[in-house]
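Side chains are part of it too, since the values below use all heavy atoms of this structure and drop only hydrogens, waters and symmetry mates. Order of the sequence lines fixes the chain letters, A, B, ..., with proteins taken first and strands second; residue numbering starts at 1 for each chain.
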Amino acid sequence: MTQSTLVTRFAPSPTGFLHVGGARTALFNWLLARKHGGRYLLRIEDTDLARSTQQAVDQLLDDLRWLGLDHDNAELVFQSRRLSVYNALIERLLVEGKAYKAYETREELEALQKQAEREKRGFLYRRRDLSAESIKQYEAESRPAVVRLAMPVRDYSFGDEVLGEIKLQANQVDDFVIRKTDGMPTYHFAVVVDDAEMGVTHVVRGQEHTLNTFKHIALQAALGYDRPVYAHLPVILNKDDGKKMGKRDRDKKIRVATHNWLKNKQQTVTQLASYCGLSAGRLESWLATDTQQLDLSEQVLVMQTVGLRESDLPEILVNDFRRNGYLPEALLNFLALLGWNPGDNREKMTMAEMTELFDLTGVNKAGAKFDRDKLAAFNTAAAAGATSDRLLAGLKDYLAVNPESPLNRASDDQLLATLSMCAGFRIFRDVEEKARGLFLHDEEVVYQPEAVEKVLRKNNGEGLGVLKLIHAMLETIDPWSHEPIEQAVKSFAENRQLGLGKVAQPLRVAITGTSVSPPIGQSLEMIGRESTLRRVQRCIDQTAPSAG
RNA sequence: GGCCCCGUCGUCUAGCGGUUAGGACACGGCCCUUUCAAGGCCGCGACACGGGUUCGAUUCCCGUCGGGGUCACCA
């Protein structure tokens, strides 16, 4: 059989964490390859020396591993290590007259772009005829040069698997850079060469690359490569503003919150700067623009002082979803449906089902807004349907990336029990918020003022009264496990003609400081009799009116 | 602004000339309930607009409007 195998690739640039858009692209490439028994390759596009870091490579690999999108090439391809290959090819194009050196400075280019803008047209660079003398002079000055492709001026078109026929008129063609002054190839050159050499047959990527494709097919023609099949995926948009979802959105949210904080608290930027230990000038310029971004550590400082929590920010990066406690299989399932569907009403699918059903003809053209509520619903369902082993592994992964959580003190058995008493949860962060009180040390319990007021003090301290009475009763329960506890609490309430809530709620506040926790019997069992009694007493001592 | 692409409930979408326009999430109501959830039942809710083509347009064509993407020595 001579049927050629299908080859796809995911080619991120290592400039930070993987974001959901990238994850979806990776997923679609992975699904397409798996569906057809082909190969899915991973390549690192690190031709931007200034922005690429090894740390980012590691993070990327970690995110991909977490998602479970395994690639087939054992050896990762790094473009930065393939310079000689690119250079040989570029020299060839130069000799053949298909590419040429250009000597404009950045300033000159900028001026040209400004001019284009003034004339209300797009910026196009066309080959300029340089005399032999001026070339000689530039070279003598060793003026830095880029290499541009002499793109044949003609109409172009290609067939896209999702968008159909895409055309570009000759008057839109421009000579783009293929080698930068630092000697590195540009993205356009490197993708084309590497895709060809790696045998990539299907290029599946975001729609923001649609117009780039004309550059790529021109390059393929110049180099004598076959043209792969192209499929451009719809862009993932923000639910609120309908714009492309990007990493900047978290920063944007922090900026807005900061503006509000300054206004509401009547504070100056200088004051803010001193609170968070950053320079006022830095904050000033960050607040004024929407192009500048704070780095991660700065973000944390600002968030702390303006009172923003991590969970107030939109999740954008795969890592954000991981830290908030989503299951990767739910994320992937949801992502698959952003721009693709199996053609019927099925939504919940396993990776195996998606692989079987996946097809490029089922991919949509229109951009899709990212609806976190629906994702959360997918996660809820995935969690409800998962085995306890799977949930335990998921929770432990969550705790590993949230080391400050008190649930890190729990044993596996305790985690399993917690998971089952929190059944119906949306994300692991919710489990944590609901059950964290059970894993606090007794003296770490903080009584929330609203809960104390509503549950303990209201109606002349009715709740507090219950606590005082119930302390003795708790000492008699035997054995100390949830069923007898629950039974005892119920009869305690009945004996006093009280609704269960009138008893369970004060207990809940006493042991966790909040009005929300897992079912009361299980909560008390988890904490243990000793701690329960201690917490009840401590609560009475600290919240009784006489104690202030 | 130039160029490219897109346009079914608030959101993700099914539909591929004749349907009571279907599902999911969200939302509203009821039920369940010791808190928070989860769950069950019911409900609200869409073919952007204007021309054609056709016996018949959500579906095909054109225009208008609206939205997005892109215009780097970033990928």
Undergrad: Test A:Glu91 against every option in A:Lys98, A:Lys101, A:Arg179 by the salt bridge (charged side-chain N to carboxylate O under 4.0 Å, His left out) rule and name the one that passes.
TA: A:Arg179

Undergrad: Counting only heavy atoms from other residues, nucleotides and ligands, does the tally under 6.0 Å from CD of A:Glu483 exceed 12?
TA: no

Undergrad: By the 4.0 Å heavy-atom rule, please label A:Lys244 as base, sugar-phosphate, or nothing.
TA: sugar-phosphate

Undergrad: Give none if B:G7 has no partner; otherwise give the nucleotide forming a Watson-Crick or G-U wobble pair with it, both distances under 3.5 Å.
TA: B:C65

Undergrad: Within the structure shown, what part of the strands sits under 4.0 Å from A:Gly521 by heavy-atom distance: base, sugar-phosphate, or nothing?
TA: nothing

Undergrad: Name all pairs fulfilling the salt bridge (Lys or Arg N to Asp or Glu O under 4.0 Å) condition that reach into residues 103-120 of chain A, sequence neighbours left out, sorted by first residue then second.
TA: A:Glu104-A:Arg128, A:Glu108-A:Arg143, A:Glu119-A:Arg121

Undergrad: Tell me, please, which residues at least two apart from A:Glu165 pass side-chain contact (heavy atoms from CB on, under 4.5 Å).
TA: A:Ser157, A:Lys167

Undergrad: A:Asn341 near the nucleic acid: base, sugar-phosphate alone, or nothing, with a heavy-atom cut-off under 4.0 Å?
TA: sugar-phosphate

Undergrad: Taking the P atom in each of B:C3 and B:U59, what is the distance between them to the nearest angstrom?
TA: 27 Å

Undergrad: Students often get this wrong, so: under 4.0 angstrom with heavy atoms, is A:Val146 touching a base, only sugar-phosphate, or nothing?
TA: base

Undergrad: Residues of residues 183-195 of chain A with any non-hydrogen atom less than 4.0 angstrom from an atom of RNA chain B: list those, numerically ordered, please.
TA: A:Tyr187, A:His188

Undergrad: Take A:Asn345 and A:Gln169, find for each the nucleotide of RNA chain B with the closest heavy atom, and name the residue whose nucleotide sits nearer the 5' end.
TA: A:Gln169

Undergrad: Please identify which of these residues, A:His209, A:Gln79, A:Lys215, meets the side-chain hydrogen bond (donor to acceptor under 3.5 Å, both in side chains) condition with A:Tyr187.
TA: A:His209

Undergrad: Give me the distance, rounded to whole Å, that separates B:G18 from B:C60 when you measure between the C1' atoms they each carry.
TA: 15 Å

Undergrad: Strictly by side chain to side chain donor-acceptor pair (under 3.5 Å), give each pair with a member in residues 366-386 of chain A just once, sequence neighbours left out.
TA: A:Glu315-A:Arg372, A:Glu347-A:Lys374

Undergrad: Please verify the inter-ring angle class for A:Phe158 with A:Tyr230; under 30° counts as parallel, over 60° as perpendicular, anything in between as tilted.
TA: perpendicular

Undergrad: Students often mix this up, so state it plainly: with edges at 30° and 60°, are the rings of A:Phe176 and A:His188 parallel, tilted or perpendicular?
TA: perpendicular

Undergrad: Working note: A:Leu474 + A:Leu507, criterion side-chain contact (heavy atoms from CB on, under 4.5 Å); need CA distance, chi angles, decisive distance, verdict.
TA: CA-CA 11 Å; A:Leu474 291 172; A:Leu507 262 178; 4.2 Å; yes

Undergrad: Is the charged tip of A:Arg127 near the ring of A:Tyr100: under 6.0 Å from the six-membered ring centre and within 45° of its axis?
TA: yes

Undergrad: Could you check whether A:Gln59 and A:Asp63, counting side-chain N and O atoms only, form a donor-acceptor pair closer than 3.5 Å?
TA: no

Undergrad: Quote, to the nearest angstrom, the C1' distance that separates B:G45 from B:U11.
TA: 12 Å

Undergrad: Counting only heavy atoms and a strict 4.0 angstrom limit, can you tell me which residues of residues 12-21 of chain A come near RNA chain B?
TA: A:Ser13

Undergrad: Scan A:Lys490 against the nucleic acid and name what it touches under 4.0 Å (heavy atoms): base, sugar-phosphate only, or nothing.
TA: nothing

Undergrad: For A:Arg51, give me all partners under side-chain hydrogen bond (donor to acceptor under 3.5 Å, both in side chains), at least two apart in sequence or on another chain.
TA: A:Asp48

Undergrad: Please name the nucleotide paired to B:U53 by Watson-Crick or G-U wobble geometry with both distances under 3.5 Å, or report none.
TA: none

Undergrad: If you measure from the C1' atom in B:A48 to the same atom in B:C6, how many Å do you get, rounded?
TA: 13 Å

Undergrad: Suppose the criterion is salt bridge (Lys or Arg N to Asp or Glu O under 4.0 Å): which pairs have a residue in residues 500-510 of chain A, not counting sequence neighbours?
TA: A:Glu462-A:Lys502

Undergrad: Under 4.0 Å, heavy atoms only, any strand: does A:Gly206 hit a base, just the sugar-phosphate, or nothing?
TA: nothing

Undergrad: Has A:Glu356 got more than 12 heavy atoms of other residues, nucleotides or ligands less than 6.0 Å from its CD?
TA: no

Undergrad: Would you indicate what A:Pro519 reaches in the nucleic acid, counting non-hydrogen atoms under 4.0 angstrom: base, sugar-phosphate, or nothing?
TA: base

Undergrad: Can you tell me, in whole Å, how much space there is between the C1' of B:C12 and that of B:G52?
TA: 33 Å

Undergrad: Under 4.0 Å, heavy atoms only, any strand: does A:Leu211 hit a base, just the sugar-phosphate, or nothing?
TA: base

Undergrad: Need one value for A:Gln172: base, sugar-phosphate or nothing, where a base atom within 4.0 Å counts as base even if backbone is also close, heavy atoms only.
TA: sugar-phosphate

Undergrad: Does A:Thr514 reach a base, just sugar-phosphate, or nothing at all? Heavy atoms under 4.0 Å.
TA: nothing

Undergrad: Considering only the C1' atoms, how many Å lie between B:U13 and B:U58, rounded to the nearest integer?
TA: 14 Å

Undergrad: How would you list, by chain and number, every residue that makes a side-chain contact (heavy atoms from CB on, under 4.5 Å) with A:Ala11, sequence neighbours excluded?
TA: A:Arg9, A:Arg43, A:Glu45

Undergrad: Any base atoms under 4.0 Å from A:His232, or only sugar-phosphate, or nothing? Heavy atoms, all strands.
TA: nothing

Undergrad: Within the 4.5 Å heavy-atom criterion, are A:Glu161 and A:Val363 side-chain neighbours or not?
TA: no

Undergrad: NA contact type, A:Lys434, heavy-atom cut-off 4.0 Å: base, sugar-phosphate, or nothing?
TA: base

Undergrad: Can you pull out the residues from residues 371-385 of chain A that lie within a 4.0 Å heavy-atom distance of RNA chain B?
TA: A:Asp371, A:Asp373, A:Lys374, A:Ala377

Undergrad: Any carboxylate oxygen within less than 4.0 angstrom of a Lys/Arg side-chain nitrogen, looking at A:Asp240 and A:Lys253?
TA: no

Undergrad: When rounded to the nearest Å, what value does the distance between C1' atoms of B:A14 and B:C4 take?
TA: 27 Å

Undergrad: Under 4.0 Å from a heavy atom of chain A: give me the 5'-most and 3'-most nucleotides of RNA chain B that qualify.
TA: B:G1 to B:A75

Undergrad: Measuring only the P atom in each nucleotide, how far is B:A75 from B:U70? A whole number of Å is fine.
TA: 15 Å

Undergrad: Can you pull the salt bridge (Lys or Arg N to Asp or Glu O under 4.0 Å) pairs that have at least one residue in residues 419-438 of chain A, sequence neighbours excluded?
TA: A:Glu432-A:Arg436

Undergrad: At what distance, to the nearest 0.5 angstrom, does CZ of A:Phe28 lie from CG of A:Leu338?
TA: 7.5 Å

Undergrad: Between residues 102-124 of chain A and RNA chain B, which residues have a heavy-atom gap below 4.0 Å?
TA: A:Glu104, A:Arg106, A:Leu109, A:Gln113, A:Lys120, A:Arg121, A:Gly122, A:Phe123

Undergrad: At 4.0 Å (heavy atoms only), tell me whether A:Lys502 reaches a base, stays on the sugar-phosphate, or touches nothing.
TA: nothing

Undergrad: Under a 3.5 Å cut-off for both contacts, is B:C41 paired Watson-Crick or G-U wobble with anything, and if yes, with which nucleotide?
TA: B:G29

Undergrad: For A:Asn364, report the nucleic acid contact type (base, sugar-phosphate, nothing); a contact means any heavy atom under 4.0 Å.
TA: sugar-phosphate

